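Residue numbers start from 1 in every chain, and the chains themselves are labelled A, B, ... in the order their sequence lines are given, proteins ahead of strands. Quick caveat: nothing in here was measured; it's all calculated off a predicted structure.
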Amino acid sequence: SAVISQKPSRDICQRGTSLTIQCQVDSQVTMMFWYRQQPGQSLTLIATANQGSEATYESGFVIDKFPISRPNLTFSTLTVSNMSPEDSSIYLCSVVREVAEQFFGPGTRLTVL
Amino acid sequence: GENVEQHPSTLSVQEGDSAVIKCTYSDSASNYFPWYKQELGKRPQLIIDIRSNVGEKKDQRIAVTLNKTAKHFSLHITETQPEDSAVYFCAASIMDTGRRALTFGSGTRLQVQP
């Protein structure tokens with residue numbers, strides 16, 4: 001597996017503000033993803049974080065709302081912009097090791113008031 | 001795109017019994033099928049996976065079967081224990097491409113009664 005850390009682990013934010021979540025991996029990985037898990041729900045892919053180029057977003061997610069950076073092969077950030085209570089979720093980064101095995105970070109629990 | 005359906009949404013078994021969770025997928029190109037266990041407040045943990053070139057895989061009390069023709073796969077847990085209680089997610093993806101993101105099922109909450 002991979003050692004994946006996320007910061008912050010949780011935060012409570014006011015509506016209209018933005019929060020940047022960091023994901024750090026202990027070794028270089030080719031593929032990194034960001035998922036959202038709403039309370040009591042499954043995981044939904046937000047985007048693929050591409051190293052050195054713009055992220056690839058899934059339907060329903062846009063760059064202006066969820067800007068993503070990936071400056072190198074061990075680090076990525078996800079920003080949740082102009083937050084509303086509907087953005088309250090757990091945000092998880094994940095990485096692919098070997099051919100297909102995907103491992104998740106511990107998640108960032110976001111509450112928007 | 002891929003769609004993964006998972007059943008049942010909740011499952012309650014007695015300790016020592018077996019539990020079976022079933023998933024179907026829609027994209028015939030999918031060839032990698034992992035299962036994750038998520039305990040309350042924790043991250044999803046990969047517990048077993050299967051690739052399309054095999055029909056069954058076992059790891060101690062856990063097994064996964066795959067029927068590519070019918071596009072369904074199942075998780076089998078034998079001799080269940082209270083610590084097996086968690087939410088289980090199936091998922092599907094395509095290996096060896098630039099798109100290896102997972103599409104998840106809706107999850108099954110397994111409760112093992114002591």
Side-chain angles (χ1 to χ4, degrees), chain A residues 1-7 9-10 21 23 25 29-61 68 70 76 89-109 111, chain B residues 1-10 21 23-25 27 29-54 57 59 64 66 73 86-109:
Chain A
S1 64
V3 177
I4 308 169
S5 60
Q6 282 185 236
K7 285 197 278 190
S9 58
R10 60 178 62 226
I21 302 167
C23 178
V25 191
V29 292
T30 52
M31 306 201 78
M32 293 180 76
F33 304 98
W34 287 96
Y35 289 83
R36 181 174 75 182
Q37 188 173 28
Q38 295 179 301
Q41 302 296 312
S42 184
L43 290 86
T44 301
L45 180 67
I46 297 172
T48 302
N50 300 310
Q51 195 268 325
S53 64
E54 194 172 284
T56 305
Y57 290 85
E58 297 301 300
S59 176
F61 297 95
I68 288 170
R70 192 173 171 199
S76 179
S89 285
I90 298 172
Y91 293 85
L92 301 111
C93 65
S94 73
V95 304
V96 175
R97 298 297 295 270
E98 304 299 328
V99 176
E101 291 85 358
Q102 192 164 146
F103 300 97
F104 286 85
T108 295
R109 184 179 296 271
T111 302
Chain B
E2 175 67 281
N3 181 49
V4 178
E5 296 193 356
Q6 183 172 347
H7 300 281
S9 57
T10 61
I21 303 170
C23 290
T24 60
Y25 61 99
D27 188 350
S30 291
N31 56 11
Y32 176 66
F33 307 94
W35 286 87
Y36 288 84
K37 175 183 180 182
Q38 188 175 33
E39 297 175 274
L40 190 63
K42 302 277 185 69
R43 75 186 82 185
Q45 295 277 6
L46 178 65
I47 56 171
I48 194 167
D49 57 16
I50 191 166
R51 305 180 185 192
S52 61
N53 57 346
V54 297
K57 183 177 178 181
D59 182 3
V64 58
L66 171 65
F73 57 112
V87 179
Y88 291 81
F89 293 99
C90 63
S93 74
I94 305 171
M95 292 188 298
D96 303 322
T97 65
R99 175 168 178 77
R100 276 178 272 179
L102 296 168
T103 301
F104 282 87
S106 54
T108 297
R109 184 174 300 277

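- Counting heavy-atom pairs under 4.5 Å between each of Gln6(B), Arg43(B), Gln38(B) and chain A puts Arg43(B) at the top.
- Within the 4.5 angstrom heavy-atom criterion, only side-chain atoms of Leu46(B), from C-beta onward, approach chain A.
- Among Gly105(A), Ser59(A), Gly107(A), the residue with the largest count of heavy-atom pairs under 4.5 Å with chain B is Gly105(A).
- Applying side chain to side chain contact (heavy atoms under 4.5 Å, CB included) to Ile46(A) and the options Tyr91(A), Tyr35(A), Phe33(A) leaves one that passes, Tyr91(A).
- A donor-acceptor pair under 3.5 Å is formed between the side chain of Glu2(B) and the backbone N or O of Asp27(B).
- By the salt bridge (charged side-chain N to carboxylate O under 4.0 Å, His left out) test, Arg51(B) is found to be paired with Glu101(A), residues two or more places apart in sequence or in another chain being considered.
- With a 4.5 Å cut-off on non-hydrogen atoms, Gln45(B) does not touch chain A at all.
- The main-chain N or O of Thr108(A) is never found under 3.5 Å from a side-chain atom of Arg10(A) such that the two would form a donor-acceptor pair.
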Working for side chain to side chain donor-acceptor pair (under 3.5 Å), residues Thr103(B) and Asn3(B): CA-CA 7 Å; Thr103(B) 301; Asn3(B) 181 49; over 6 Å; no
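- Neither the backbone nor the side chain of Pro34(B) comes within less than 4.5 Å of any heavy atom of chain A.
- Proximity to chain B (any heavy atom under 4.5 Å) is restricted, for Leu92(A), to the side chain, taken from C-beta onward.
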